[in-house]
Amino acid sequence: MSRLVLRKKKLPFKRKGRLRRKALRNSRGRTRSLTAGVKSGDSFNEGYNTGYNKGYNGGHEEGYRQGKYDGEGRNEWRDGVDGLIDSFIPEYEILPDFTAEQIVAAGVEHLRPHFRHMLTPDELAGRILHALDTRSPFSLVRIGDGELLTLAQGSVLSVEQVKEQGPFLGYAGVDVPDFDARDQVKEAIKQATVVGIPKLRVRNFQPLALAVFNAHGIGYGSVTLTDSLINYYLYHAGHISRIVGGRRVLIAGMLAEPLADYMRQNGVNVVATVSPVEGVKDVPRVMEEIAARDFDIALVAAGVAAVLLSQRIATELGKVAIDFGHLANSMIKGEAPFK
């Protein structure tokens, strides 16, 4: 059997808040000397700081050595996977010549015929540009943990569980319990052109996505899928400037004005902004404002409401709409230079 190694993909982003990957964060942390501010000649302070530093450095080194040992000797992922592998190997048999990674890789390769393709940045950009050129309706919606927990209310999780696991939902525009918001998100997913779902197989991401899809009768096999972080991937591939270049752009969301200013400075023809968007319950009013504007493409950064707005802009107005998400924040902060 040939050597098969499963390489863990290095992710370029961290999730936005709550385990979401946030793109392009600049690290500006600086360390300060532990003895900063000590006055020369102050023997008490000097003695205190000398002792403190010695103890701190000694503890740090010991902690590093122990952590390195534990990290090399113990690995929760490996322990869990090895235990799972052991459960499938018959008694009085072992598989000594293969690592856990090799065994998992071989199993995944065996399941290749069951892979479900998700649109790549290049593929998705091509579809968006085609829709713009042909003036066809097109909506990209992205389903993250906020949308998934909204969908999970009373279906996969109890209201109490959703409140516990999603304390940020109020910020995202949903006041739990809100079953009307849940049902609107469900319908938006069914009617959207492309749906981004999490690729990560961790709690409240891909497993929850599949669970809520099943609970709401959404056949993921009938939905055109991409990664829920596709907004960042489109940016990194240089597609954002291609998509908005030469188009009349509308921006909707709490950061519509600063994002519009930023894009205008980079030559983008932003013809309208709609702000604020105050949660899911504000969607009808916002849609009225959007419908009164003339534009080619809408960039929507409005939490859970962005899913509803993006789908309705395409379905009801025949326009192209992109759930832009926290990429707006990254651009405004200078973390994502326009390209």
- Message: The criterion is salt bridge (charged side-chain N to carboxylate O under 4.0 Å, His left out); which residues satisfy it with Asp180, sequence neighbours excluded?
- Response: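 Residues passing salt bridge (charged side-chain N to carboxylate O under 4.0 Å, His left out) with Asp180: none at all.
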
- Could you tell me which residues satisfy salt bridge (charged side-chain N to carboxylate O under 4.0 Å, His left out) with Arg127, sequence neighbours excluded, listed by chain and number?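 Counting only residues at least two positions away or on another chain, Arg127 forms no salt bridge (charged side-chain N to carboxylate O under 4.0 Å, His left out).
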
Inter-residue atom distance [X].[atom1] - [Y].[atom2], 0.5 Å rounding:
| X | Y | atom1 | atom2 | value |
| --- | --- | --- | --- | --- |
| Arg247 | Leu132 | CZ | CG | 4.5 Å |
| Arg116 | Leu210 | CZ | CG | 11.0 Å |
| Ile189 | Ile218 | CD1 | CD1 | 4.5 Å |
| Leu255 | Lys333 | CG | NZ | 9.0 Å |
| Leu229 | Asn231 | CG | CG | 6.5 Å |
| Leu95 | Phe88 | CG | CZ | 13.5 Å |

Per the salt bridge (Lys or Arg N to Asp or Glu O under 4.0 Å) rule, what does the pair list look like for [range], sequence neighbours excluded?
| range | value |
| --- | --- |
| residues 152-173 | none |
| residues 307-317 | Arg312-Glu316 |
| residues 230-240 | none |
| residues 296-310 | Arg135-Asp296, Arg248-Asp296 |

- Query: Do Asp122 and His239 pass the side-chain hydrogen bond (donor to acceptor under 3.5 Å, both in side chains) test, and can you show the C-alpha distance, the side-chain angles, and the key distance before you say yes or no?
  - Reply: CA-CA 8 Å; Asp122 291 346; His239 291 306; 2.7 Å; yes

Indicate the atoms forming the closest heavy-atom contact of [X] with [Y], along with that distance.
| X | Y | value |
| --- | --- | --- |
| Val141 | Gln311 | CG1-N, 4.2 Å |
| His216 | Ser155 | NE2-OG, 3.5 Å |
| Ala336 | Leu327 | CB-CD1, 4.3 Å |
| Gln161 | Ser158 | OE1-N, 2.9 Å |
| Gly146 | Leu169 | O-CD2, 3.3 Å |
| Pro337 | Gly334 | CD-O, 4.1 Å |

- Message: Going by the rule side chain to side chain contact (heavy atoms under 4.5 Å, CB included), which residues pair with Ile85 if we only count those two or more places apart in sequence or in a different chain?
- Response: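 For Ile85 the side chain to side chain contact (heavy atoms under 4.5 Å, CB included) partners, ignoring immediate neighbours, are Val81, Asp82, Ile89, Ala100, Ile103.
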
- Item | Under the side chain to side chain contact (heavy atoms under 4.5 Å, CB included) test, residues paired with Leu208 that sit two or more places apart |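 Residues passing side chain to side chain contact (heavy atoms under 4.5 Å, CB included) with Leu208: Leu148, Leu149, Ala152, Val156, Asn204, Val212.
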
With a 4.5 Å limit on heavy-atom distance, are the side chains of [X] and [Y] in contact?
| X | Y | answer |
| --- | --- | --- |
| Met263 | Ile251 | yes |
| Phe115 | Val108 | yes |
| Asp145 | Phe205 | yes |
| Ile243 | Ile322 | yes |
| Glu278 | Arg285 | no |
| Ser136 | His130 | no |
| Phe138 | Ser310 | no |
| Ile240 | Phe324 | yes |

Is there a donor-acceptor pair closer than 3.5 Å between any side-chain N or O of [X] and the backbone N or O of [Y]?
| X | Y | value |
| --- | --- | --- |
| Thr226 | Leu119 | yes |
| Glu147 | Gly144 | yes |
| Ser139 | Thr193 | yes |

- Could you walk me through whether Tyr232 and Ser330 pass the side-chain contact (heavy atoms from CB on, under 4.5 Å) test, one step at a time? CA-CA 10 Å; Tyr232 291 118; Ser330 297; 4.0 Å; yes

- Message: Quick check on Tyr220: does its OH atom have over 12 non-hydrogen neighbours (other residues, nucleotides or ligands) under 6.0 Å away?
- Response: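 No, OH of Tyr220 has 12 or fewer neighbouring heavy atoms, counting only those of other groups under 6.0 Å.
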
- Run the side-chain contact (heavy atoms from CB on, under 4.5 Å) check on Val280 and Thr150 step by step: do they pass? CA-CA 11 Å; Val280 170; Thr150 299; over 6 Å; no

Do any side-chain atoms of residues 297-309 form donor-acceptor pairs under 3.5 angstrom with protein atoms, and if so which ones, sequence neighbours left out?
none

Donor-acceptor list for residues 266-276 side chains, cut-off 3.5 Å, not counting sequence neighbours:
from: Asn266; atom 1: ND2; to: Tyr262; atom 2: O; distance (Å): 2.8
from: Thr273; atom 1: OG1; to: Glu257; atom 2: OE2; distance (Å): 2.5
from: Ser275; atom 1: OG; to: Gly253; atom 2: O; distance (Å): 2.9

- Query: Given the rule that I, L, V, M, F, W and Y join up when any side-chain heavy atoms are under 4.5 Å apart, are Phe98 and Leu84 in one cluster?
  - Reply: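 Unlinked, Phe98 and Leu84 end up in two clusters.
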
- Task: Check which hydrophobic residues are tied to Met254 through side-chain heavy-atom contacts below 4.5 Å, counting indirect links as well, and list them.
- Result: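 Same cluster as Met254: nobody, lone residue.
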
- Test Lys339 against Tyr235 for side-chain contact (heavy atoms from CB on, under 4.5 Å), laying out the working first. CA-CA 7 Å; Lys339 64 176 184 177; Tyr235 166 78; 3.9 Å; yes

- Task: Apply the test side-chain contact (heavy atoms from CB on, under 4.5 Å) to residues Asp261 and Arg264: give CA-CA distance (whole Å), side-chain angles for both, the deciding distance (0.1 Å), then the verdict.
- Result: CA-CA 5 Å; Asp261 291 341; Arg264 286 173 180 139; 3.7 Å; yes

- Item | Salt bridge Lys199-Asp227, side-chain N to carboxylate O under 4.0 Å |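 Answer for the salt bridge query: no.
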
- Residues forming a side chain to side chain donor-acceptor pair (under 3.5 Å) with His117, sequence neighbours excluded: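 His117: side chain to side chain donor-acceptor pair (under 3.5 Å) contacts with Glu123.
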
